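Letters go in sequence order (proteins before strands), and every chain restarts at 1. Predicted model, so just to flag it, every value in this text is computed and none were measured.
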Amino acid sequence: MAWTAKLGRAIPAGMKKGDHLFLVDGSGYIFRAYHALPPLSRKSDGLPTSAVLGFCNMVWKLMQDARHTDVGIAPTHFAVIFDYSSKTFRNELYPEYKANRSAPPEDLIPQFGLIRQATAAFNVPCIEMEGFEADDIIATYCRLACEAGGDTTIVSSDKDLMQLVGAMVSMYDPMKDRHIGVPQVVEKWGVPPQKMIDLQALTGDSVDNVPGVPGIGPKTAAQLLEQFGNLDGLLARAGEIKQDKRRESIIANADKARISRELVMLKNDVPLKEGLDDLVLHAPDGPKLIGFLKTMEFTTLTRRVAEATGTEIADVQATPVTIERADAAHGPDVGAGAPTIAATPNGAEKPAARPEDAPPQGDTPSLLSALRLEQATARKIDPSAYVAIRDTAALKDWIAEATEAGILAFDTETTSSDPMRADLIGLSMAIAPGRAAYVPLAHTSGNGDLLGGGLLSDQIPVREALALLKPLLEDKSVLKIVQDLKYDLIVMSRHGIEIGPFDDTMLISYVLDAGTSGGHDLIGLSEKWLGHAPASKKELAGSGRNAVGFEQVDIGRATAYAAEQADIALRLWQLLKPRLAAKGLVSVYERLERPLVPVLARMEQRGISVDRQILSRLSGELAQGAARVEEEIYGIVGERINIGSPKQLGDILFGRMGLPGGSKTKTGQWSTTAQLLEDLAAEGHELPRKIVDWRQLTKLKSTYTDALPGFINPGTNRVHTSYALAATTTGRLSSSDPNLQNIPVRTAEGRKIRTAFIAEKGHKLVSADYSQIELRVLAHVAEIPQLKQAFADGADIHAITASEMFNVPVEGMPSEVRRRAKAINFGIIYGISAFGLANQLSIPREEASAYIKRYFERFPGIRDYIEETKAYAREYGFVETIFGRRIHYPEIRSSNPSIRAFNERASINARLQGTAADIIRRAMVHMEEALEKAKLSARMLLQVHDELIFETVEAEVEATILVVRRVMENAPMPAVSMSVPLHVDARAANNWDEAH
DNA sequence: ACAGAAGCTTA
DNA sequence: GTAAGCTTCTGTT
């Protein structure tokens, strides 16, 4: 519609004052969009198109509506600039320039050509020039526009372009909708734009392989430029720098800094073919543009463009496009000479005509997920639109609306990250994208006194608000959407509310993307999927010593922050939930993830009893022991060194005392690991033994006896660990605050810690653990007859392995032979390497290689399993457990052999470790109901990967063990029937040491 | 006050 | 050779 007005007036040639040139950094945008936007494929043939869609949306938005973005002004001139090829004049200057660039991802390659074609479809000049980077062309146009008196906006967020920013040139980050002017550059880098060249010359750039000065980062560089004015001043007076290392590095690398400056300085005299008058913005050719968009199957954008240009979609034929093959090099020559396939779209018209809010019934999951992506991102995230709910009438309105909607994203704001100690300060809710609210409940005035007074007015009393919300939060017909649900489940449960039914966006992301870069926290997901960085809690409440409780945060600011959390969770859910179905991962989510949340919440809430006296006594003993060893060490060394400092220790042992065999760590320090010190001790050296002893004593004291009492909750007198459901790549849980999955067990000294974990009076602790579960999984998935038979017979698996390998009878087998077979069995689970096995067994690598060879001869099925796994991971980028959990290895195709080998070993391990993790998850999900059905009062307290710990009344110990074993051993059923029996050992005692 | 390295604990 | 979390030291902010 904006175009009809524009079409009426004559378009001036050239450029004059008041004109505004938009220069889109096309190449930069492609890479950024590819990584920032969720993957999207054309429905009809799976052609990857996410970067193309992002590009088209952005260009359309800028052409149509730039005034309402952070640019704030409409363009009169417009061009998209691309890199032509990787070789430029900079390579002659410095051959290493951009030498470490890897090939673009496979699914990005066809999109380079498509984006050039999109540019043409928009009637916008597409500019590139041999021997020059896009940045140089941009610099040249900036100069020309300035000379003509026009303003320029560079559409990019690349720091390499920031040197161009000034009075008439600004930048615009299209993904964050952020204008970048001089103040923004100064804020980000600490220097004004004209000093960016010198700053980059100092810091270098690992991506482009610009060397810079080692050890100088942006902060230091900015400070040095502030002090010395510019790079030449700095290099001339480098001797004045106080810090030794810094001074030496700058003096030694002055030449590198100078060449770096040449590399980063943009050339603004590129011999351009197109002048400014060629960049005048023309109205889009509706049918031409729509033809392209239809081909791409961008339904929403097609409709928008049709509306704005007054074109009838049905009248337009989809335009054939040229698609580059993934194995072809990218660049302007591709498409002409490279093999191409003409894409013929097949009737994608129907979805284009459908209104966005129509029910998506009958659609394929992948189409639905594409639709949801557009929905979730269509409405911009605007924290100023959120409302604070400050009276019961308003709250009731929201509750009614949420009940009607049947869907509610929800989040709590509290005083602590520990849900067992957290006090509720407020709640946030969202019922549609952009429609979110915050309910402040317990905010106080900033200067709250010791009495905790200063509760602000206009807040609904906590009890009253919760009484109103309880029916909604427990309403079976309203789905609650929460990010990291377990936390909120515990907080609300402590207020008598059992939230349900629910979905957890963190877990949905985990099921979809375990192993892909980045975690599954709300901030990361928002940036990844919505291209939006949410407000950070740090900015609201500070951090470190200056941190204040959320209760002291101003309600207006709290509303903008908290409601946004719910808004984002809702949008993420809309986006991610359909993807589960599209990828066949619904059952993993519904059977292995979601139901475990309330189970873990109850385990954490129960906690375990820890005896303070035992720990305190142990701590005293350890302190005495450590002090004694410490004096002995000082006696030998001759001075009171810091034994805890590996640096000092290395200098003494391998420097001053000249002990042999010291290897170096990657930072060049002497290595002082326990293994190395043990070896030295075995050669008769006295000191290394004592250091190992000292380390054990101080480790036990600081990590366990001294730290654990601090975790005893004063309200419950028990220790409540926190289990993370989405922290590991393989599907295992992790435990923290405190970590109860690494309580010592191997040494007698360490086991004493376990005696402090006790059962309540009249109760027992029951420990039940899977025997050899990962080897059993291996025998099942790799179908190894000998191993299956051994497990069926209940035989000693390591002895059988040794017997097969070395032709030794199991009867009277030397323990060393069994030990070696055991190490090989573990090695297989870890994705064996000769190097690792040699290390483990302290044997030469050739010998280890021979063992592995022999092992594979006797168990060819295992070699096949390993090769199949590697090939599968290489083809698909992920492996699966027997229950269908996916674990991604995006770097499995790395050209770096050690990275590739690491990913291969990890993927081999992940199928086994992940399957074992799935099995115990299933056991845990089924456990509570089984115990209840058997009318047993036993409660599950802890999980340690292959072990579950329960607390039960003494009279029910035997019956509990029967039920627990049955549930654990049958956990794979009925989803999977394993060809190898599972075996669980279980016993009961008064403390964890004796029960284990 | 924070980040990374080194070391040690578990399955 | 796989998967985690915590403490101490060290150097920088």
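- Taking atom CD1 on A/I691 and atom P on B/dA6, their separation rounds to 17 Å, with Å as the unit.
- Under the rule for a side-chain hydrogen bond (donor to acceptor under 3.5 Å, both in side chains), A/D651 has no partner lying at least two apart in sequence or in another chain.
- Residue-level contact check: A/N642 touches the backbone only, with heavy atoms under 4.0 Å from sugar-phosphate atoms and none from bases.
- Across the protein-nucleic acid pair, A/R695 atom CZ and C/dC9 atom C1' stand 12 Å apart, rounded to whole Å.
- Within 4.0 Å of A/A674, counting heavy atoms only, lie sugar-phosphate atoms of the nucleic acid but no base atom.
- Remark: A/T673 is not in phosphate contact with B/dG7, judged by side-chain N or O atoms under 4.0 Å from OP1 or OP2.
- An OP1 or OP2 oxygen of C/dT10 is reached within less than 4.0 angstrom by a side-chain nitrogen or oxygen of A/S645.
- Note: CH2 (A/W670) to C1' (B/dA5) measures 18 Å, nearest angstrom.
- Remark: A/E816 pairs with A/R819, A/R820 by the salt bridge (charged side-chain N to carboxylate O under 4.0 Å, His left out) rule, at least two apart or across chains.
- With contacts defined as side-chain heavy-atom distances shorter than 4.5 Å, the pair A/Q696/A/V692 does not qualify.
- Rounded to an integer number of Å, the gap from A/Y723 OH to B/dA11 P is 13 Å.
- With rounding to whole Å, A/K701 atom NZ is found 17 Å from B/dT9 atom C1'.
- For the pair A/L649 CG and B/dC8 C1', the interatomic distance rounds to 14 Å; values are reported in whole Å.
- Residues forming a side-chain hydrogen bond (donor to acceptor under 3.5 Å, both in side chains) with A/R751 (at least two apart in sequence, or on another chain): none.
- Take A/H888 and apply the ring-ring contact (aromatic ring centres under 6.0 Å, His included) test, not counting sequence neighbours, and it matches A/F878.
- Contact between the side-chain N/O atoms of A/T672 and the OP1/OP2 oxygens of B/dA6 is not found at any separation under 4.0 Å.
- Residue contacts for A/R746: at a heavy-atom cut-off of 4.0 Å it reaches a base atom on one of the strands shown.
- Among residues at least two apart or in separate chains, salt bridge (charged side-chain N to carboxylate O under 4.0 Å, His left out) pairs with a member in residues 876-885 of chain A are A/E593-A/R885, A/E880-A/R886, A/R885-A/D918.
- Atom CD of A/E678 and atom P of B/dC8 are 9 Å apart (whole Å).
- The pair A/E678-A/R695 does not meet the salt-bridge criterion, since no charged nitrogen lies less than 4.0 angstrom from a carboxylate oxygen.
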For nucleotides 1-6 of chain C, read 5' to 3', which letter fits each nucleotide if B means a protein heavy atom sits under 4.0 Å from the base, S means only the sugar-phosphate is that close, and - means neither?
BBBSBB
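- In this structure, CG of A/D651 is placed 14 Å from P of B/dA6, rounded to the nearest angstrom.
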